[in-house]
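Single-structure report; data block below.
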Amino acid sequence: VIRKLLVGLVLLWVGYAALRELNAAVAGYDLRDRRPAGPLQWRAGMPPVDDLARFAAGARPLLPAGSRVAFASARSTSGNAGDDAFFRYRWAAYFLPELDLVKAGSAASGEATYALSFRTPLPAARFQPIAKLHGGWVYRVRR
Amino acid sequence: VSWLAALALPLALWAAGARWIGGSEDRAARAPAALLAGALAFYLALAVLTLLGIPWTRWTLLAVLSLLLVLPRRRSPAVPGGGARALALGWGDAAALACVAAFTLVALTLWVTTPDFFYHWGLKAERFALARAIDLRFLSRPWNGGPGIHPDYPNLLPSLYAATAILAGRFDAQALMLWSAVWLAALLAALRGALAAAGVERWTAQAALAATAAATAAYALGNLLAGGADWMIALALAVAAPALCGLAGEGADLQVGVAAAFTAASKIEGVPLAALLVAVHFVARAARDGRRTPRALGRTLLASGLPPAAAIVPWALETARHGLWQAGNSGAFDWSRRGEIWRGWKEVAGSAALHGLPWALALLPLLWLSRRTRPLAAVLSAQALFYAWAYFASPIDPWLYVLSNGSRLAFQLLPAALVGAVIATEPSRPTAAR
């Protein structure tokens, strides 16, 4: 009887947890466009991710598949919140799998033939603009 | 079409695996092991195609599946849940089904998808689908090293995702979340089989199943586990649990072998787990039946050891050949990190979204008390110690390291620990139809 009681209590505990998390997930999804979150907490459907997805979709037809592309964006958060420039780069790599996307400023970006810049223009001396999109610019790297 | 492919592929893999994992009268109980066997055979075939330079097209994938489905059926002895030890459907099953349905509906929105799906599992799958192969050139790119996309991880999950995308004709992340629903359903079916095979009294078995389903679903929703590979480790442990507890009859060796291979092909921490599963099963089997001849023990070792070897050796060779191994995986053991590790663990386990569920691992000592569950306790405890060792020996900041993956690693052990605790406390009684 004691064992049944214990199992029953555990069931109540985890049942409550499941309902609570289901409610939190549904409510969170409903409020996804109004929920502020640092880059570590970004999820699909949040404005920072959706904006990036739209920018990537606009850039895709302008860039040859397989080309090396440097991705740049301004860093505005760091520490426990996470480096937003780094996480934008990671999400952009997922949105543009047909490209060899590398982080601007990294060693690998030295050989990039194109550059994508999200919400921050790059210097014209090194980067020739190809297109201005909603959310950023597409460049050809000057040699 | 994407959703159809994401549902049809696991079904086809289960049907293929069911040809080799057979013998039990309870098809539901052996389905999880069959799914693992089918997925593993498919993955190995994909790796061979990559090695031979044959691109993964819809037609080559269909040819591989057809081949797996017509391979000769293996006649094998009973696996858990078979014979008289079947559990009649009950309210616990309904609750478990509701948990699977709720998780699936939320997972399909991508709202509870793990960030790792976007950072590496999904990205690798996209690249594999585009390359129509395991894209080792992409994995070995210098910018993918470090904490990036874990290029040294085994590739079962991204290969399954890529194959689904190729069969569907497009990469649809939402449809791929159905794989997580499949892993959850298979996990619960495997644990249900373990409860049945252990002869757990009906009400308690139904309550334990419902509780495990609710705990797993709550954990997955709160900790964003959809799309990740932690399910697969938990599933492999669930499939191996009956064999480890001596409840699986002669089918136990292959069952452990398939579970070990599956876990080794899923994540890097699955490789030591595979070795643990095989070693503990061998020792338990030898201890349980002292009359087994050396020849029979050799057969045990072969049946349980060959499948993981088939999964590990090609992966290890390719990882070495392409220089994918990451230096951050190991370092010198440093006991002074204990304070930071404990601080990180307390934060993880005390997280509001997890409702204290990681503390359920404190049930592990209970599993040591019963002779039946002691091998399962040995595997779970040793794997937990291995995770602790990784925190002590990694060059990464220990507090941050625990925060970044401690909850997911605890999740891998949780379902088997919960059900193991119920089996461990089940009073001995003669077998009877329930």
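This is a predicted model, so every value here is computed, not measured. First the proteins, then the strands, lettered A, B, ... as listed; each starts at 1.
Among the candidates B:L224, B:V112, B:T216, the residue making the largest number of heavy-atom pairs closer than 4.5 Å to chain A is B:L224.
Here the side chain of A:R3 pairs a donor or acceptor atom with the backbone of B:V422 at under 3.5 angstrom. Between the side chain of B:W111 and the backbone N or O of A:G45 there is no donor-acceptor pair closer than 3.5 Å. Side-chain atoms of B:R127 come within 3.5 Å of backbone N or O of A:P97 as a donor-acceptor pair.
Looking at A:L99, only its backbone comes within 4.5 Å of chain B, counting heavy atoms on both sides. Residue contact with chain B, scored on non-hydrogen atoms closer than 4.5 Å, involves the backbone of A:L101 exclusively. Residue contact with chain B, scored on non-hydrogen atoms closer than 4.5 Å, involves the backbone and the side chain of A:R32 alike. Looking at B:T113, neither its backbone nor its side chain comes within 4.5 Å of chain A, counting heavy atoms on both sides.
Between A:F87 and B:Y119, the distance from one ring center to the other falls under 6.0 angstrom.
The line from CG of B:N223 to CD of A:E21 is 9.5 Å long, rounded to the nearest 0.5 Å.
The local environment of CZ in B:R141 is crowded, with over 12 non-hydrogen atoms from other residues, nucleotides or ligands closer than 6.0 Å.
When all heavy atoms are compared, the tightest approach of B:L110 to A:A44 is CB-CB, 3.9 Å. For the residue pair A:Y16 and B:H355, the shortest heavy atom distance occurs at CE2-ND1, 4.4 Å.
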